[in-house]
Protein chains: 4
Amino acid sequence: MPRQLPAHTGRAPVSARGTRTRIALVQAARAVFERDGYLDARITDISAEAGVAAGSFYTYFTSKQEVFGAVMADVEEEMLHPRILEPADRDDPVHVIEAANRAYLLAYRRNARLMALMEQVSQIDEDFRRQRLRRARAFTERNARALVALQRRGVADPQLDAQLAARALSAMVSRVAYLRYVQGVGTESVEALVGVLTRLWVGALGIRSATYI
Amino acid sequence: MPRQLPAHTGRAPVSARGTRTRIALVQAARAVFERDGYLDARITDISAEAGVAAGSFYTYFTSKQEVFGAVMADVEEEMLHPRILEPADRDDPVHVIEAANRAYLLAYRRNARLMALMEQVSQIDEDFRRQRLRRARAFTERNARALVALQRRGVADPQLDAQLAARALSAMVSRVAYLRYVQGVGTESVEALVGVLTRLWVGALGIRSATYI
Amino acid sequence: MPRQLPAHTGRAPVSARGTRTRIALVQAARAVFERDGYLDARITDISAEAGVAAGSFYTYFTSKQEVFGAVMADVEEEMLHPRILEPADRDDPVHVIEAANRAYLLAYRRNARLMALMEQVSQIDEDFRRQRLRRARAFTERNARALVALQRRGVADPQLDAQLAARALSAMVSRVAYLRYVQGVGTESVEALVGVLTRLWVGALGIRSATYI
Amino acid sequence: MPRQLPAHTGRAPVSARGTRTRIALVQAARAVFERDGYLDARITDISAEAGVAAGSFYTYFTSKQEVFGAVMADVEEEMLHPRILEPADRDDPVHVIEAANRAYLLAYRRNARLMALMEQVSQIDEDFRRQRLRRARAFTERNARALVALQRRGVADPQLDAQLAARALSAMVSRVAYLRYVQGVGTESVEALVGVLTRLWVGALGIRSATYI
DNA sequence: AATGAATGAGGTTTCATTCAT
DNA sequence: TATGAATGAAACCTCATTCAT
């Protein structure tokens, strides 16, 4: 009978060997999660996949939830943050929107398994969901500010609530990506999706641009 | 976890008493699911909530998945299927869209707990997810056909891929509803949401209407 | 992975079969505890000893601590509560004291294994220790009141603090019993112990009695 | 739990550095034992408290039991052995008894945490219990011899079995100390306890002394 | 049809101990 | 000597499902 509370675990490694093991565990966790899904992933499997003893998992993590967090942290770089204002011909809003949509869809397709996983874990783990919403909010804010700028320049429909419009259109893109690349709905190419989504954005925002005359 | 194939399957009740018990179980299941979520709902809890013995559950159902199906069947009526073409001033597409969005959001808000549950179970139960996608597809088809009609009438942007546009815009609405009523993102009123969403639809579809002159 | 807190368990049986099983578990627990000691007793062993599946333990108890409580409750009757005033020639305090000591020692010897167990668990389980101290206090109170009565009758040394004296002399008897019957210190007979202890009590309390002229 | 016989045993340190480490470990062990109790003290905690790596523990000790022994050896000096014949006015047995009781109680109070620990470990570790009983026996022998001397001088009740009486009265004192300073029973001052205990001893032994005329 | 008790597989978690550096 | 990571045995506990009344 355990006579003691968990106490600690979840330490950062000090030695090189420890660092290696931790990395192996995170990689193994990612593989197991992508293969079995969050719920069916057993800690045992992660240890095995990493080639370490079952107990070694607890040298670095406290729970499945915690490794999952580590996997996500590791992966953050990999998932790009497409920004509406970054690319291409900065003066033509249509080009900007198109570039952003393309970047997003490509990244989504590239990491489809991971995105599926995130979607799943969001429905299972309260903390992760909250964290994710927070990030999405930041992203939407940026888009909203960009939209306000367009409205000021007289390029976009000034009657739109920028916040809501940004939220709704972002949701549209991410949901389309989810349906296409995780759920396998439809067979359209990235370019087909980019074309339609951009046209919808442009119309929705009331942008008048030479691109679509 | 099933160690053998179930000896008997959930049967339809024969006696009046049986009918009552089955109804009690389904109601209890809904309450427990909404309270604890799908994963944490124990069959034991459902029986207890229904005021029957643990074993009685298996007189009517084989598994958690199965009661969940029954709950959904029971609830189907309650969840409306907003159709783009049904209400109001059928000749003004803006009115039609607005009415559909309003109906959808109101229904979503009314059944928010249930919608959260469906979203969750979609991520957990393969079968349920597939079933739900099938329904969503049917719904989208209808919208796509309506859009084609608008394009033929010269009211909507003829260059849009009707399928994709319908899918994307439906996804937008349902995701906004999810964020607002399940995740608690924002504090906007139904009317505010309806206003923005409708304006986005109308713009996106390139509808030229007196309503928005 | 358990996704749920313990929830409940530890129910009282409703059916006759359940009652039988619970009794079997308590008896088995007592046997295992007396054989292996509290710490080394495994819940698994208790179930096995009772001839039921491992999981069945949790139908009636939540923890080792809880069965132990049940064992003690079951046993309470069996352990007599020797009272200084009950037996024999009520007017002769020496007879009364002697009878009480004899009764106590006999009971202790009869339940030596159990008493050893109680002593052990007192050092391990906070709650049990507190409970036991509470009982001991009640017992001491009674003795203290009896002593006050003797002091009022002019039979016992009036200068003694009755509370303290009662506590000290009770402790003396129980500790002697523990040393003799649990630790195996000495080889004296019950009567030898009764003789000395009574003589010590009588002297300590300053009782002047014909019995010891 | 040991799965193999220990490859090496706790050695005495050779270097000065080693000596320091060993001392740190013993001190840490005492602190952890007093804080967490014997059972809940983890070797890991002791190492941490001592500020050394987990593995370093095994350079000096083989087991928890072994450090505990070292702690006790370290502490032996600190725990006085009150002797009935040592102090004060050697000719007045009452003074002698009183002085011994006072010395014992003061020492017990001073080391209450440690005494609690010893009491606990006695119930858990067979070897330690035996060792402790042996010491107690030696102590009782001395008291018994002193009592015989008193009987020969005609000062104490000659009918008492000296062995038993010494054992019983010593047990009384140590148990009262345990209840008062470890279990927190009562609020009496040392002097109040000394007063009552001495009076009980004197009466119990049938000592006739000017002190109590 | 209902009851409620029994079953048992199997993943989780701990921590004393070992050992390569 | 010290370090700190790795090991792995072992018990716990849950709860879906069965089944005798």
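Just the heavy atoms: all of them, side chains too, but no hydrogens, waters or symmetry mates, feed the values below. Chain naming here is simple, since letters A, B, ... match the order of the sequence lines and numbering starts at 1 in each.
The CG-C1' distance, from C:L39 to F:dA11, rounds to 14 Å in whole Å. The interatomic distance linking C:E66 (CD) with F:dC13 (P) rounds to 11 Å, in whole Å. Taking atom NZ of A:K64 as the reference point, atom C1' of E:dT13 lies 14 Å away to the nearest angstrom. Rounded to whole Å, the distance from CZ on D:F61 to C1' on E:dT18 is 18 Å. Nucleotide E:dT14 holds its C1' atom 13 Å from the CG atom of D:D40, rounded to whole Å.
Judged as a side-chain hydrogen bond (donor to acceptor under 3.5 Å, both in side chains), and not counting sequence neighbours, the contacts of B:Q131 are B:R135. Applying the side chain to side chain contact (heavy atoms under 4.5 Å, CB included) test to C:D74 and every residue at least two apart in sequence or in another chain returns C:V26. Here D:F128 pairs with D:F68 under the ring-ring contact (aromatic ring centres under 6.0 Å, His included) rule; sequence neighbours left out. Take A:R17 and apply the salt bridge (Lys or Arg N to Asp or Glu O under 4.0 Å) test, not counting sequence neighbours, and it matches no residue.
As judged by a 4.0 angstrom heavy-atom cut-off over every strand, C:T44 is placed among residues touching the sugar-phosphate backbone only.
Mapping B:I43 and A:R22 onto DNA chain F by nearest heavy atom places A:R22 closer to the 5' end of the strand. A residue-by-residue look at B:R17 and C:T21 shows that B:R17 has its nearest nucleotide of DNA chain E further toward the 5' end. Of the two residues near DNA chain F, A:F57 and C:F57, the one whose nearest nucleotide lies more 5' is A:F57.
In this structure, C:E119 pairs ionically with C:R132, as a charged nitrogen and a carboxylate oxygen lie closer than 4.0 Å.
Under a cut-off of 6.0 angstrom, the local environment of CZ in B:R113 is sparse, with at most 12 non-hydrogen atoms contributed by other residues, nucleotides or ligands.
Of the residues in residues 48-56 of chain A, those lying under 4.0 Å from DNA chain F by heavy-atom distance are A:V52, A:A53, A:G55, A:S56.
Between the B:Y60 side chain and the B:T19 main chain, no donor and acceptor come within less than 3.5 Å of each other.
The side chain of C:R42 contributes an N or O atom lying less than 4.0 Å from OP1 or OP2 of F:dA11. At the phosphate of E:dA2, neither OP1 nor OP2 sits under 4.0 Å from any side-chain N or O atom of B:Y58.
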- Mind running salt bridge (Lys or Arg N to Asp or Glu O under 4.0 Å) on A:R35 and A:E49 for me, showing each step along the way? CA-CA 12 Å; A:R35 186 186 69 213; A:E49 177 85 18; 3.6 Å; yes

Writing each nucleotide of DNA chain E 5' to 3' as (, ), [, ], | or . by Watson-Crick or G-U pairing under 3.5 Å yields .||||||||||||||||||||

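You'll find that the side chain of D:Y60 is closest to F:dT1, out of F:dT1, F:dA5, E:dA6.
Paired with B:R42 under the rule side chain to side chain donor-acceptor pair (under 3.5 Å), one option of B:D40, B:T44, B:D45 passes, and it is B:D45.
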